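The figures that follow rest on heavy atoms only: side chains count, while hydrogens, waters and symmetry mates do not. Numbers restart at 1 for each chain; the letters A, B, ... are given by sequence-line order, proteins then strands. All figures in this text were calculated on a predicted structure; none of them were measured in a lab.
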Amino acid sequence: MSKILSAVAWPYANGPRHIGHVAGFGVPSDVFSRYMRMTGHDVLMVSGTDEHGTPILVAADEEGVSPRELADRNNRLIVEDLVALGLSYDLFTRTTTRNHAAVAQELFRGCLRNGYMVEETTRGAISPSTGRTLPDRYIEGTCPICGYDGARGDQCDNCGNQLDPTDLIEPRSRINGETPEFVETQHYFLDLPALADALKQWLDEREASGTWRPNVIRFSQNILAEVRPRAMTRDLDWGIPVPGWEDQPTKRLYVWFDAVIGYLSASIEWARRTEDPEAWRQWWNPAASGEGEALSYYFMGKDNITFHSQIWPAELLAYDGRGDKGGEPGEYGSLNLPTEVVSSEFLTMEGKKFSSSKRVVIYVRDVLERYQADALRYFICAAGPENQDSDFTWSEFVRRTNDELVAGWGNLVNRTASMIAARFGEIPQAGVPTETDLALLATVEQAFGTVGDLIGRHRQKAAIAEIMHVVGEVNRYVSEQEPWKLKADDERERLATVLHVTAQCVVDCNLMLSPFLPHSANRVSAVLGGPEVAPMPVVEEVEDLDGGPSYPVITGDYRSAPGWGRTPLVVGTPIAKPTPVFTKLDVTVVDDELARLDQ
RNA sequence: GGGGCGGUAGCUCAGUCGGUUAGAGCAAGGGACUCAUAAUCCCUGGGUCGUGGGUUCAAGCCCCACCCGCCCUACCA
């Protein structure tokens with residue numbers, strides 16, 4: 001039994017999240033975590049909303065509200081969406097808690113104490129009216145290379161060249177049009193070159209494990225070749241105060257410095273809310289995990305790889321004093337580096353990149369209001385951007401739902417329960433099984449091994465495809481056995497056997513599907529008189545542990561999850577005529593949704 | 001500019017270490033069945049594996065060049 005940390009990317013709270021986000025980190029991390037719990041591991045699944053940084057400030061200013069108000073509102077929306085999807089977080093919190101600020105500052109102090117946080121003067125753009133950092137991408141002007149008027153400070157979209165914002169002719173702020181001021185400013189830089197050897201050693205070990213997706217490990221090794229110190233503070237009045245610079249209210253920690261610390265701070269917050277406030281150490285300190293090992297899996301979209309395979313491990317190494325400059329760990333002790341960075345690619349939408357501003361977007365909320373959560377989960381699991389970009393189209397969503405979920409799996413459940421209800425009213429006792437019966441039972445039981453292995457290797461598309469293949473085998477068995485023809489008295493034992501075998505296989509398949517489709521797994525189990533098989537998360541309103549404002553969290557008790565393997569049917573369990581678990585979609589859904597996009 | 005990914009049936013994709021006749025689902029055509037949400041099951045047709053070279057007894061897979069699409073590029077998060 002291992003301690004498994006499921007570290008799930010923190011959704012940014014500048015607005016509601018779209019289905020591309022939950023396809024990238026949400027559903028895959030939940031499938032993995034649910035499966036790991038079923039195989040007996042101690043899983044700690046943490047995340048929260050990321051609420052600092054310039055974009056939130058900009059969005060708040062546009063609405064005329066405070067950044068805290070904007071973050072509060074979006075945090076609540078995101079919490080509601082994620083819990084409705086059934087994502088089984090042990091704790092989904094936020095970066096604006098006092099606990100998080102304290103942990104982030106402790107990490108900062110540790111990096112500073114060990115000499116990896118270096119103060120340097122740099123030249124940066126600020127907004128003259130607010131004094132805030134103006135990130136490169138918020139500056140636009142005329143490209144000095146091609147003359148294009150809408151070039152951004154970091155890159156010209158017209159000619160594709162990378163730019164420095166000081167190169168731009170007639171630079172202006174994209175936020176309010178004013179001319180940015182380039183000023184000398186003091187910042188703390190994380191000394192990545194002093195950590196590069198340690199990072200390389202860690203990445204080489206990880207590569208040798210052979211578990212990382214090839215493009216993720218390659219990309220990570222690649223960006224290590226040209227590391228430079230990176231600023232970890234900003235001229236901003238929204239964020240976590242910089243230790244030692246409390247007298248400078250416009251200096252804050254860089255949002256990415258604190259966001260990745262969320263994995264640790266959320267683990268600590270989770271422990272502080274249990275009876276053992278030190279319990280988090282079992283997932284983080286090498287010596288504290290007990291008999292098993294402590295493993296950590298980080299789930300995100302590919303745009304986040306650099307922060308999880310470079311910045312975050314660099315912060316951990318610096319805090320632990322494991323870089324070229326040496327040092328000692330702080331009060332949290334030596335902290336485990338990521339076991340695996342599990343990055344997905346991007347989901348596109350009818351062939352185009354998601355873009356809120358261009359209205360190329362489908363919000364999680366809108367899908368959940370109109371369709372079953374498990375229909376979305378099924379699409380993501382079966383056709384998501386696991387290894388390469390994949391495309392969401394409404395026609396494919398309708399097809400997957402109707403042909404695979406409803407007609408393939410749902411119909412098998414329904415025909416099985418209907419026949420048992422009509423002929424026995426309860427789970428019948430099986431008679432002597434035939435070779436065919438035994439072969440099917442063996443095929444299905446063996447699938448636990450192959451499917452589990454695939455999930456453990458983050459090959460979820462192959463895993464769910466394997467289950468659906470087995471579902472097809474069971475459908476074929478039913479068609480070949482033709483139990484509806486077994487009507488004579490002397491055929492009743494054979495009928496009982498066929499239906500018992502079928503029901504057992506359905507229960508098995510349902511258990512295998514439960515990490516993917518938790519909502520419907522519970523309903524299918526109920527149809528066949530079984531218990532809840534997929535514990536669900538809940539939203540709780542909690543007090544800040546250190547005196548801040550209260551907020552909603554996602555949490556849950558997932559200990560009742562059944563083991564990963566066959567649970568024999570209980571003969572005599574009453575079975576009623578079923579109502580369908582899955583909703584078939586009308587083909588007009590496609591046109592309706594496409595019309596909605598064009599509005 | 002640099003780095004990476006992809007191009008396989010009408011569509012969406014799988015294809016392990018180079019090894020027999022390149023697979024699945026959907027769509028199309030035909031049939032069976034009636035337990036089930038008109039669901040299910042069987043059969044059939046369908047391929048110059050982006051292009052051109054190379055290595056090899058053997059290439060979808062390895063090497064080189066090119067074409068097309070996409071992603072990342074470290075101060076957006």
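- Nucleic acid contact class of A:K485 (heavy atoms, under 4.0 Å, all strands): sugar-phosphate only.
- The residue A:R459 sits close only to the backbone: its heavy atoms come under 4.0 Å of sugar-phosphate atoms, none of a base.
- Separating the CD atom of A:E345 from the P atom of B:C72 is a distance of 10 Å, rounded to the nearest angstrom.
- With a 6.0 Å cutoff to the six-membered ring centre and a 45° limit on the axis angle, A:R252 does not count as a cation-pi contact of A:F257.
- If you measure from atom CG of A:L412 to atom P of B:A36, you get 14 Å, rounded to the nearest angstrom.
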Chi angles and distances behind the side chain to side chain contact (heavy atoms under 4.5 Å, CB included) call for A:Q310, A:F219: CA-CA 11 Å; A:Q310 183 172 100; A:F219 179 81; over 6 Å; no

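- In this structure, A:K302 reaches the sugar-phosphate backbone alone: every heavy-atom distance under 4.0 Å involves primed, P, OP1 or OP2 atoms, never a base.
- Among the atoms of the strands shown, base atoms are found under 4.0 Å from some heavy atom of A:V581.
- Residue A:Y254 has its side chain nearest to B:C75 when only B:U37, B:C75, B:C41 are considered.
- When the nearest nucleotides of RNA chain B are assigned to A:W10 and A:T306 by heavy-atom distance, the more 5′-ward of the two goes with A:T306.
- When distances are taken from the side chain of A:S418 to each of B:U12, B:U37, B:C35, the shortest belongs to B:C35.
- For A:N222, taking side-chain heavy atoms from C-beta onward, the closest of the listed nucleotides B:G4, B:C35, B:U12 is B:G4.
- If A:E404 and A:I311 are placed on RNA chain B by their nearest nucleotide, the residue sitting closer to the 5' end is A:E404.
- As rounded to the nearest Å, B:G46 and B:C63 have P atoms that lie 34 Å from one another.
- Distances were taken from every side-chain heavy atom of A:F346 (C-beta onward) to each of B:C72, B:G4, B:C26; the shortest belongs to B:C72.
- The side chain of A:W256 has B:A77 as its nearest neighbour among B:U12, B:A77, B:C75.
- Separating the C1' atom of B:G7 from that of B:C49 is a span of 10 Å, rounded to the nearest Å.
- Comparing B:C41, B:C71, B:C35 by their closest approach to the side chain of A:S479 singles out B:C41.
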Apply salt bridge (charged side-chain N to carboxylate O under 4.0 Å, His left out) to residues A:D374 and A:R523 and explain how you reach the verdict. CA-CA 11 Å; A:D374 280 359; A:R523 293 187 57 193; over 6 Å; no

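- Distance check on atom P: B:U48 versus B:G1 gives 33 Å, rounded to whole Å.
- Between A:F397 and A:W394, the ring planes lie perpendicular to each other; the angle is over 60°, past the 30° to 60° tilted range.
- Using N1 to N3 plus N6-O4 or O6-N4 for Watson-Crick, or N1-O2 and O6-N3 for G-U wobble, each under 3.5 Å, B:C13 pairs with B:G23.
- The pairing partner recorded for B:U44 is B:A28, the criterion being a Watson-Crick or G-U wobble arrangement whose two distances lie under 3.5 angstrom.
- Spacing of P atoms, B:G52 relative to B:A14, comes out at 24 Å, to the nearest Å.
- Here, B:A36 and B:A24 have their C1' atoms 25 Å apart, quoted to the whole Å.
- Here the side chain of A:D303 is nearest to one of B:A77, B:C35, B:U37, namely B:A77.
- Between B:U21 and B:G25, the distance separating the two P atoms is 23 Å to the nearest Å.
- For A:Q388, the listed nucleotide lying nearest its side chain is B:G6; candidates were B:U37, B:G6, B:U40.
- When both distances must be under 3.5 Å, the Watson-Crick or G-U wobble mate of B:C5 is B:G69.
- For A:F219, whose side chain is taken as the heavy atoms from C-beta onward, the closest listed nucleotide among B:A36, B:C72, B:A77 is B:C72.
- Among the atoms of the strands shown, only primed sugar atoms or phosphate atoms (P, OP1, OP2) are found under 4.0 Å from some heavy atom of A:D50.
- Taking a cutoff of 4.0 Å between a charged side-chain nitrogen and a carboxylate oxygen, A:D235 and A:K251 qualify as a salt bridge.
- When heavy atoms are screened at a 4.0 angstrom cut-off, A:F582 is found touching base atoms of the nucleic acid.
- Aromatic pair A:Y188/A:W245: centroids less than 6.0 angstrom apart.
- Nucleotide B:G52 is matched to B:C64 when pairs are restricted to Watson-Crick or G-U wobble geometry with both distances under 3.5 angstrom.
- Not a single donor-acceptor pair, N or O on each side, falls under 3.5 Å between the base of B:A39 and the side chain of A:N411.
- Backbone-only contact: A:V255 has heavy atoms under 4.0 Å from sugar-phosphate atoms and none from a base.
- For the residue pair A:T348 and A:D391, a side-chain donor N or O sits within less than 3.5 Å of a side-chain acceptor on the partner.
- Looking at the side chain of A:N304, the nearest of the listed nucleotides B:U12, B:A77, B:C13 is B:A77.
- The CD atom of A:Q481 sits 15 Å away from the C1' atom of B:C33 (whole-angstrom rounding).
- A gap of 9 Å separates the C1' atoms of B:C13 and B:U8, to the nearest Å.
- A:P55 comes within contact range of the sugar-phosphate backbone alone, with a heavy-atom separation under 4.0 Å but no base atom that close.
- For A:F392 and A:H18, the ring centers sit 6.0 Å or farther from each other.
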